K.L.:
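The structure is given below, and queries will be raised subsequently.
If you read the sequence from its start, that first residue is 1, and numbering goes on from there. In each ligand, atom 1 is the first atom listed, and ligand 1 is the first ligand listed. In this text, all values refer to a predicted model and were calculated from it rather than measured experimentally.
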Amino acid sequence: MEKNHYDASDITILEGLEAVRLRPGMYIGSTGPRGLHHILWEIVDNAIDEAANGYADKIDVHLYRDGSVSVEDNGRGVPTDIHPKTKVSGVQVVYTQLHAGGKFDEHNYSFSGGLHGVGASVTNALSKWLKVRVWRDGTTWEMEFHSYYDEKKKKYESGVPVGPLVNTKQRTKRHGTCVHFLPDDAVFSTTEFSLSTIEHRLNELAFLNRGLTITLTDDRITQNEYEAAKGDADSVQLDLMGSMQPFSATYRYDGGISDFVTYLNDGKTRLYAKPLYYKAQKDNIQIEFAIQHTSDFTESLFSFVNNIPTPEGGFHEIGFRGGLTRMLNDYARENKFLKDKDPNFLGDDFREGLTAVLSIKMKNVQFEGQTKTKLGNPEAKSPVESCVVEGLRAIAADPKFRRAFEEIIKKAQGAARVRVAARQAKDTARAKNSIDNFMLIGKLAACSSRKPEQNELFIVEGDSAGGTAKQARVRQFQSILPLRGKPLNVEKKRLDQVLANEEIRTIISALGAGIGNDFNLDKINYHKVIILSDADQDGFHIRCILLTFFFRYMRPLISAGHVYIGMPPLYKVYKQNGSAEEYAYDDKELQEKIEKVGRGYLIQRYKGLGEMSAEQLWQTTLDPARRNLTQVTLEDAVAAEDMISTLMGDRVEGRKEFLAVNANFNKTDAFMEKVKFRKEGDDEEG
Ligand code: 1YM
């Protein structure tokens, strides 16, 4: 391993990589699972850019059993000629210089660099080894880099070339680039790539890059194991091939983001057959959108800037919404859906049941917001707005789409009618609020502190468990709100019906921050809202209903990380004589605790929270020092949307199956897989 740099010109370069080693967080955000995947996205981004520029149409991602990963494209191949300024090969520049500069990043690189875009050299700096193979000019080139501890210098050397770029002289007609690397376990807290994260992102990239074929292979798991994990147990026994073959999948969408919308609306009742799609370039911004309305009542807009999701929205979304409202109001008036004396529809009316994907590409993006996923470029607004107006006009002019626009207007008319009714219901609810506050005195055991940052609201299933929790809590900062029955399933209800439900109103007034568009995160009375339900089907259902409610009507509460799941233990392992007492939260832990307690152990299985004494409930579930809380995050709004409609929506069959599979929810929880959770105190989500 003593073969160091072979060329003097490496020195300055390597100082850059050293900085990356020293402060990985500055370059990739964290050294947790997010950062690990980030270094993969850097490489994938380069391949995507090559495809977006029209030089490649295939990308293969391969996960290996040794923890390494490779990305291959069939583009031009990273340049192999000598870079005039640094006097080393293009390949070496790309993998050893931060933000590969010089002649290489003038034109084509214009659209990359957003959340990612720190460059492939960062991947190299944080890998044990990285191997590049380039097929270009009829031959095959190879170069390898490694990171190691230098005993003499007493420090880490990162991303050092093992040798120069070599022309292997293997003649080939191929062209393209393959990058294979092993993330350094000295850098990352975990080096295990998540198949579901990668699947999801590659699928998304395939939607966003129409016609591009992306394949994913995972040697770590067989096709059968994958299907079994997905719950497709029946097909497993039959498929002999699948028991040997590694998991692999191909993503390709010739309909691009129109296919994306179709996918998002799967299982929903669509108001017109095909999504409406338009693409244009305005003021150096590439804009495309696809929309389709369903019979649902909520809006799902998924926006992207340079292929990066922007769940926090920003100026492009503002432009999109503005354009939609303007064009559709004009259309409604021109076609006499609105009489002269009628007021315009509100934007909300046109967005009821709307599923939309908006994808723009622009230079110099500025990301803002809590998670840096909000577009902060004001200049994006007006081009997007005029593109939407122009696009929808062009589509509406085509007689084929006449019915679609009629349906959209009809839907808006319904929404406007309900809006007026909801306003009245809300006023009633508000008037009733003072009454509710009285009722709450009996129901909500409020804490004494007035500091929302410290305060916790436990929403507890059942009056009896609620009573125990009231005894067990620390009065100063813990509030208890027992829920009587199952709260209303909010998925298919309109706002006015939701507000008419007593349990829901109780939660709204306890939180004190309003609901829907009026929801104001700054006003919340609690920074931890903890759902505490039994470890059985009913409890699981209640939890899902509450999460759906928060997802639909208080989404910022989830995105800001204020919602948690409290995990009561499933078992107590103890000795009759009281010399030992341990709690286990799942079956695996049960085995551990049995071993710990040793001979003569007894097991108590908790069927519900109500079976616990106040003392036990405090020790296991309420005490911040000992409890097991999982934070709910909206890592992935698409997956959440999907799961919530499987659980609660039209697809009743899927829901039954799901509940049956997940009856033991502390152990295998597909919901948890989809709507990602994180443990209290973790630095990031997985
Ligand atoms: C598996 C990862 O990196 N492909 C890739 C990268 C580049 C090119 C082609 C490329 C770009 C340009 C010209 C250009 C890169 N080149 C550079 C740099 N796949 C992967 N495919 N010729 C080839 O942008 O002008 C950085 S990435 F800087 F060297 F041009």
K.L.:
Could you tell me which atoms of ligand 1, counted from 1 in the order shown, lie closer than 4.0 angstrom to a heavy atom of V78?
P.N.:
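Atoms satisfying the 4.0 Å criterion: 3 (O), 5 (C), 6 (C), 7 (C).
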
K.L.:
Output yes when a side-chain donor or acceptor of T177 lies under 3.5 Å from a complementary backbone atom of V78, and no otherwise.
P.N.:
yes

K.L.:
Which residues pass the side-chain hydrogen bond (donor to acceptor under 3.5 Å, both in side chains) test with S68, not counting sequence neighbours?
P.N.:
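Testing S68 for side-chain hydrogen bond (donor to acceptor under 3.5 Å, both in side chains), a comparison that skips the adjacent residues, returns D66, H180.
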
K.L.:
What do you reckon, does D73 have a nitrogen or oxygen under 3.5 Å from a nitrogen or oxygen of ligand 1?
P.N.:
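N/O-N/O distance under 3.5 Å: yes.
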
K.L.:
Record the part of V94 in heavy-atom contact with ligand 1 below 4.0 Å; permitted values are side chain, backbone, both and neither.
P.N.:
side chain

K.L.:
Only heavy atoms count here, so choose which of Q97, E50, E42 is nearest to atom 21 (N) of ligand 1.
P.N.:
E50

K.L.:
Please identify which atoms of ligand 1 are closer than 4.0 Å to at least one heavy atom of V71.
P.N.:
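Atoms satisfying the 4.0 Å criterion: 1 (C).
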
K.L.:
Any ion pair linking D184 and K128 (charged N to carboxylate O, less than 4.0 Å)?
P.N.:
yes

K.L.:
Within less than 4.0 angstrom of ligand 1, does R136 place any heavy atom?
P.N.:
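For ligand 1, residue contact (heavy atoms, under 4.0 Å) with R136 is present.
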
K.L.:
Tell me every residue that passes side-chain hydrogen bond (donor to acceptor under 3.5 Å, both in side chains) with T139, counting only those two or more places apart in sequence or in another chain.
P.N.:
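Listed in chain order: N167.
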
K.L.:
For this output row, return yes or no: ring centroids of Y156 and Y148 closer than 6.0 angstrom.
P.N.:
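When the ring centroids of Y156 and Y148 are compared, they turn out to be at least 6.0 Å apart.
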
K.L.:
Considering H180, R76, R133 one by one, which has a heavy atom nearer to atom 11 (C) of ligand 1 than any of the others?
P.N.:
R76

K.L.:
I need the atoms of ligand 1 closer than 4.0 Å to a non-hydrogen atom of I43, numbered in the order shown.
P.N.:
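The atoms of ligand 1 under 4.0 Å from a heavy atom of I43 are 1 (C), 2 (C).
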
K.L.:
Does the plane of the ring in F145 sit parallel, tilted or perpendicular to the ring in Y95? Use 30° and 60° as the thresholds.
P.N.:
tilted

